[in-house]
Amino acid sequence: DLLHDRYAVGRVIGRGAFARVVVAYDIVTDARVAIKIIRNASRSFHARARKEIEILRVLGGGGGARGARSAGASGTNEGSHPNVVVMLDHFALRRGDDASGLFGPEESTHADDDADETSSAAETQRLSDTSTNSNGLRCLVFELLSHSLYDVLRATSFRGVSLALVRKFSSQILHALRYLKSHGVVHLDLKPENVLLCSADRSRVKLVDFGSSRWVNETALSQTYYAQSRFYRAAEVLLGLPCGCPADAWSLGCIMVELHGGKPLFPGRDERHQLAKIAETLGPVPDDVFAAASAERRATHALARAAVRESFFDEARRTTKQKEKGEPNEPTFGDLGFVPKPHG
């Protein structure tokens, strides 16, 4: 298909719950690009797309044909950041352009978070009740990048990469997050799949997928707003509390450990188990933080929280008795600080 009278569409290179990404050839600039095609499911999906376009423009994406020409083959715009993906163009498909075959029946993004009850089932139900948008599929055109950090981990058979490479990746992501913060943007979906190499033979990376991003000064997340994949979800997001740039920093910390160790740091089965895994390592959620959560969230996490608190208090009592008896003290999570049990 020739989309927008200039993009010759090739194969699908990315599948998500809300969109597909295809590789395409731009006959105007004589360059390959990536086109993100957002599902024509409801007005809410298109509102999401409009916000993503707005954020990417603020971050330095040109948008429109003029933006695509100014970026050229190098994929950089004046004012953009070297570690943030550049949006080259955006448009809505006409009704005559058929791309419905891209979307199968309710496909999910990842095996580790496709069963997320708060960000998938509830939102899907809410969006299905909303009338569809008649303007066609919304398309965002980006520079074409290479493999993701998840692909890098998979290439190592999930044994992890060297600390030197972790430092290179982490430094660039930190610079990108600082750039986002300076523009009042929270990414809210930072994970290895959303950090892409610029080329297969270099260690330069860029942040992609701003479909879940929001402004720092926005109100607290709603119950059905998707924010962060579960393994990388911060405690304040799990509890439904207001969140900001620190939530992205939390995700980065989880990514750094996973890059080196090869396995997720907190692999929760669901939200309740996720928060329990975090508390098992860092201690129970403070009382004032837990009290600030909604009654529904408190009920969801109450049992797991009580179990973790009891475990920690028993550990403290056991340590105290050992000290009184002069027995050697076994190392505990509290002694280890932010170091979890080793994986594998």
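FYI, the numbering just counts along the sequence from 1.
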**OP:** Tell me, with the steps shown, if L56 and E52 meet side chain to side chain contact (heavy atoms under 4.5 Å, CB included).
**Re:** CA-CA 6 Å; L56 286 166; E52 183 174 6; 3.7 Å; yes

Subject >> Minimum heavy-atom distance between G160 and T156, given as atom pair plus value >> reply: N-OG1, 3.3 Å

Original post:
Where is the tightest heavy-atom contact between A49 and R138, given as atom of each residue plus distance?
Top reply: CB-CG, 3.7 Å

Subject >> Test log, rule side-chain hydrogen bond (donor to acceptor under 3.5 Å, both in side chains), inputs Y150 and N194 >> reply: CA-CA 9 Å; Y150 181 81; N194 285 343; over 6 Å; no

Original post:
Just one of L59, I55, V58 clears the side-chain contact (heavy atoms from CB on, under 4.5 Å) bar with L180, so which one?
Top reply: L59

Original post:
When clusters are formed by joining ILVMFWY residues with side-chain heavy atoms under 4.5 Å apart, either directly or through shared neighbours, do V23 and L3 land in the same one?
Top reply: no

Subject >> Contact summary for G240 and R297, nearest pair of heavy atoms >> reply: N-NH1, 3.7 Å

**OP:** Walk me through it: do L207 and I173 pass the test side chain to side chain contact (heavy atoms under 4.5 Å, CB included)?
**Re:** CA-CA 7 Å; L207 295 189; I173 299 172; 4.2 Å; yes

Subject >> Check: D89 and Y7 side chains under 4.5 Å, non-hydrogen atoms >> reply: yes

**OP:** For residues V195 and L190, determine if any side-chain heavy atom of one lies less than 4.5 Å from a side-chain heavy atom of the other.
**Re:** yes

**OP:** Locate the shortest heavy-atom distance separating V308 from A276; write the atom from each residue and the value.
**Re:** CG2-O, 4.1 Å

**OP:** Apply side-chain hydrogen bond (donor to acceptor under 3.5 Å, both in side chains) to the pair D189 and Q228, showing each step before the final yes or no.
**Re:** CA-CA 4 Å; D189 197 16; Q228 301 185 305; over 6 Å; no

**OP:** Of all the heavy-atom pairs spanning V216 and V185, show the shortest one and how long it is.
**Re:** CG2-N, 3.9 Å

Subject >> Shared hydrophobic cluster, V33 / V21 (ILVMFWY, side-chain heavy atoms < 4.5 Å) >> reply: no

Subject >> Ring centroid separation H175 to Y179 under 6.0 Å >> reply: no

**OP:** Step by step, work out the side chain to side chain contact (heavy atoms under 4.5 Å, CB included) result for M87 and I53.
**Re:** CA-CA 8 Å; M87 181 181 68; I53 291 169; 4.0 Å; yes

Original post:
Would a distance-only check, ignoring hydrogens and angles, find a side-chain to backbone donor-acceptor pair under 3.5 Å from E236 to L241?
Top reply: no

Subject >> Polar side-chain atom of R32 near backbone of Y25 as donor-acceptor pair, under 3.5 Å >> reply: no

Subject >> Taking every non-hydrogen atom, the tightest pair across L265 and V257 >> reply: CD1-CG1, 3.8 Å

Subject >> Single-linkage hydrophobic cluster I27~L144, side-chain heavy atoms < 4.5 angstrom >> reply: no

**OP:** May I ask you to decide if G268's main-chain N or O and R230's side chain share a donor-acceptor pair within less than 3.5 Å?
**Re:** yes

**OP:** Output yes when K36 and D209 qualify as a salt bridge under the 4.0 Å nitrogen-oxygen rule, no when they do not.
**Re:** yes

Original post:
Ignoring hydrogens and geometry, is there a side-chain-to-backbone donor-acceptor pair from R202 to C198 under 3.5 Å?
Top reply: no

Original post:
Which distance, rounded to the nearest 0.5 Å, do you find between the CD of E218 and the SG of C243?
Top reply: 10.0 Å

Original post:
Does the side chain of L145 come within less than 4.5 Å of L197's, by heavy atoms?
Top reply: no

Subject >> Donor-acceptor pair, side chain of R20 and main chain of V12, under 3.5 angstrom >> reply: no

Original post:
Does S80 reach the main-chain N or O of G60 with its side chain, forming a donor-acceptor pair under 3.5 Å?
Top reply: no

**OP:** For H273, look at atom NE2 and say whether over 12 heavy atoms of other residues, nucleotides or ligands are found less than 6.0 Å away.
**Re:** yes

**OP:** Establish, yes or no, whether a centroid distance under 6.0 Å links the rings of F210 and F142.
**Re:** no

Original post:
Tell me, do L177 and C245 make a side-chain contact under 4.5 Å, heavy atoms counted?
Top reply: no

**OP:** Could you go through the side chain to side chain contact (heavy atoms under 4.5 Å, CB included) check for L239 and L275 one step at a time?
**Re:** CA-CA 9 Å; L239 290 169; L275 190 60; 3.9 Å; yes

**OP:** Determine yes or no for a side-chain-to-main-chain donor-acceptor pair under 3.5 angstrom, with R48 supplying the side chain and S212 the backbone.
**Re:** no

Original post:
Are T281 and K277 side-chain neighbours, meaning at least one heavy-atom pair lies under 4.5 Å?
Top reply: no

Original post:
Applying the side chain to side chain donor-acceptor pair (under 3.5 Å) test to Y232, which of K191, E258, Q274 qualifies?
Top reply: E258

Subject >> Evaluation steps, side-chain hydrogen bond (donor to acceptor under 3.5 Å, both in side chains), between R50 and H90 >> reply: CA-CA 10 Å; R50 286 193 295 270; H90 64 87; over 6 Å; no

Subject >> Common cluster, I35/I13, ILVMFWY with side-chain heavy-atom separation under 4.5 Å >> reply: no

**OP:** May I ask you to decide if K168's main-chain N or O and S171's side chain share a donor-acceptor pair within less than 3.5 Å?
**Re:** no

**OP:** Show the numbers, then the answer: is there a side-chain hydrogen bond (donor to acceptor under 3.5 Å, both in side chains) between D26 and T29?
**Re:** CA-CA 6 Å; D26 186 349; T29 61; 3.0 Å; yes

Original post:
How about M256 and F169: do any of their side-chain heavy atoms sit closer than 4.5 Å?
Top reply: no

Original post:
Is there side-chain contact between V86 and K206, with heavy atoms separated by less than 4.5 Å?
Top reply: yes

Original post:
Same cluster for F266 and V289 if Ile/Leu/Val/Met/Phe/Trp/Tyr side chains link at under 4.5 Å?
Top reply: yes

Subject >> Flag, side chain of Q172 to backbone of S203, donor-acceptor distance under 3.5 Å >> reply: yes

Original post:
Has the side chain of R272 got a donor or acceptor atom that lies under 3.5 Å from a matching backbone atom of L303?
Top reply: no

